[in-house]
Amino acid sequence: MPCDISLGRAEQCKNSIGGLRAAYFINWGDATTVTYSATAGSEDVITALGGTPIGYKYELKGTSTFEQTLTSSRENGTTFVDQKLTLSIKKLTIADHKQLKLLSYGRPQVIVEDNNGNFFLAGLTKGMDLVTSTISSGAAMGDLSGYSLEFQGMEPLPANFVTGPLTTGILASIVEGTVA
C-alpha cells in the first residue's frame, strides 16, 4: 500500500535553534519548472527552479516564524497543509510601503531560510497570499516602528527542502534592499 511508512526515527540531539534568518520572495510565474533531487525522493527536495526567478531577500531577526499545519480528513479523504509565514520588519520606509502594496496584490513563492541553515519553498503550487499586514509606529519608544506581515499558503504537501545548486544559484544572486 503506498500509504505505509518506511522509516522510524530516533530521539534527536538538542542542537537545533528556532527562528528565521531570511525570506526570499519570488514573483509568481517566474519559476516555470521545478527539479527534484533524484536521490532524496521525488517530492521532498528541490534542487533547481527553471525560468527566470529572482529571489528578493528580506533579512530577518527576532519574532518572525514559519509554521505548517497538516490536516487530514478521514471522512473526506483529503489532506492539505496550511503554511503560515509571519514576518516582523523593522523601520517604516517609502520603498517598503510600495513593496508591501505589491506583495498584497501578488501571490509570491517564498524560500524561507531558518537559523539552522535549512531552506524551504513555501507556496510552491498556489503561492503565498499576504492575508494581513499591520503598519505600526508603536506607542512607547521601545515599541516596533515597522511592519507585521502574515502570509498564508494552502498546499497539498509540506514545503519542500531546497538544497544543492538552487541554494548557490538563485540565492547567490539575490537582489537585496538597501539598509538605511
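Just so it is clear, the structure is predicted and the values come from calculations on it, not from any experiment. Below, each value reflects all heavy atoms present in this structure, side chains not excepted, and no hydrogens, waters or symmetry copies. Start at 1 with the first residue, then count along the sequence.
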Would you compute the distance between atom [atom1] of [X] and atom [atom2] of [Y] and round it to the nearest 0.5 angstrom?
X: S133; Y: K101; atom1: OG; atom2: NZ; answer: 13.0 Å
X: L102; Y: H97; atom1: CG; atom2: NE2; answer: 13.0 Å
X: T69; Y: M154; atom1: OG1; atom2: CE; answer: 9.5 Å
X: R21; Y: F119; atom1: CZ; atom2: CZ; answer: 7.5 Å
X: N27; Y: Y56; atom1: CG; atom2: OH; answer: 6.0 Å
X: L20; Y: L85; atom1: CG; atom2: CG; answer: 6.5 Å

Under the criterion side chain to side chain contact (heavy atoms under 4.5 Å, CB included), I'd like the reasoning laid out for F151 against L87: C-alpha separation, chi angles, the key distance, then a yes or no. CA-CA 8 Å; F151 294 86; L87 305 180; 4.1 Å; yes

Within the side chain of [X], is there an N or O that forms a donor-acceptor pair under 3.5 Å with the backbone of [Y]?
X: D30; Y: G51; value: no
X: T86; Y: T65; value: no
X: N76; Y: S73; value: no
X: Q109; Y: L124; value: yes
X: S136; Y: G138; value: yes
X: N118; Y: D114; value: no

Hey, can you tell me if F120 and F66 have their rings parallel, tilted or perpendicular (30° and 60° cut-offs)? tilted

When hydrophobic residues are tied together by side-chain contacts of less than 4.5 Å, even through go-betweens, does [X] share a cluster with [Y]?
X: I26; Y: V34; value: yes
X: L144; Y: Y147; value: no
X: L92; Y: I89; value: yes
X: L100; Y: L60; value: yes
X: L149; Y: I135; value: yes

Salt bridge (Lys or Arg N to Asp or Glu O under 4.0 Å) evaluation trace for K84 with E67: CA-CA 5 Å; K84 189 178 292 183; E67 297 178 333; 5.7 Å; no

Of all heavy-atom pairs between [X] and [Y], which one has the smallest distance, and what is that distance?
X: P108; Y: L103; result: CG-CD2, 4.0 Å
X: N115; Y: G18; result: ND2-O, 3.0 Å
X: Q83; Y: G123; result: OE1-N, 2.9 Å
X: K61; Y: K90; result: O-NZ, 3.3 Å
X: S64; Y: S88; result: OG-N, 3.1 Å
X: A23; Y: V110; result: CB-CG1, 4.0 Å

Compute whether any side-chain donor of one residue and acceptor of the other, for D82 and Q68, lie under 3.5 angstrom apart. no

Report yes or no: do T79 and S72 form a side-chain donor-acceptor pair below 3.5 Å? yes

Taking side chain as C-beta onward, heavy atoms only, is [X] less than 4.5 Å from [Y]?
X: V162; Y: L49; value: no
X: D129; Y: Q152; value: no
X: V81; Y: P156; value: no

As a quick check of understanding, evaluate side chain to side chain contact (heavy atoms under 4.5 Å, CB included) for R107 and M128, giving each step before the final call. CA-CA 5 Å; R107 56 180 172 129; M128 298 286 285; over 6 Å; no

Looking at the rings of F161 and Y36, which for Trp means the six-membered one, are their centres under 6.0 Å apart? no

Set out, in order, the CA-CA distance, both residues' side-chain angles and the distance that settles side chain to side chain contact (heavy atoms under 4.5 Å, CB included) for Y24 and E113, then state yes or no. CA-CA 8 Å; Y24 304 85; E113 179 184 3; 2.7 Å; yes

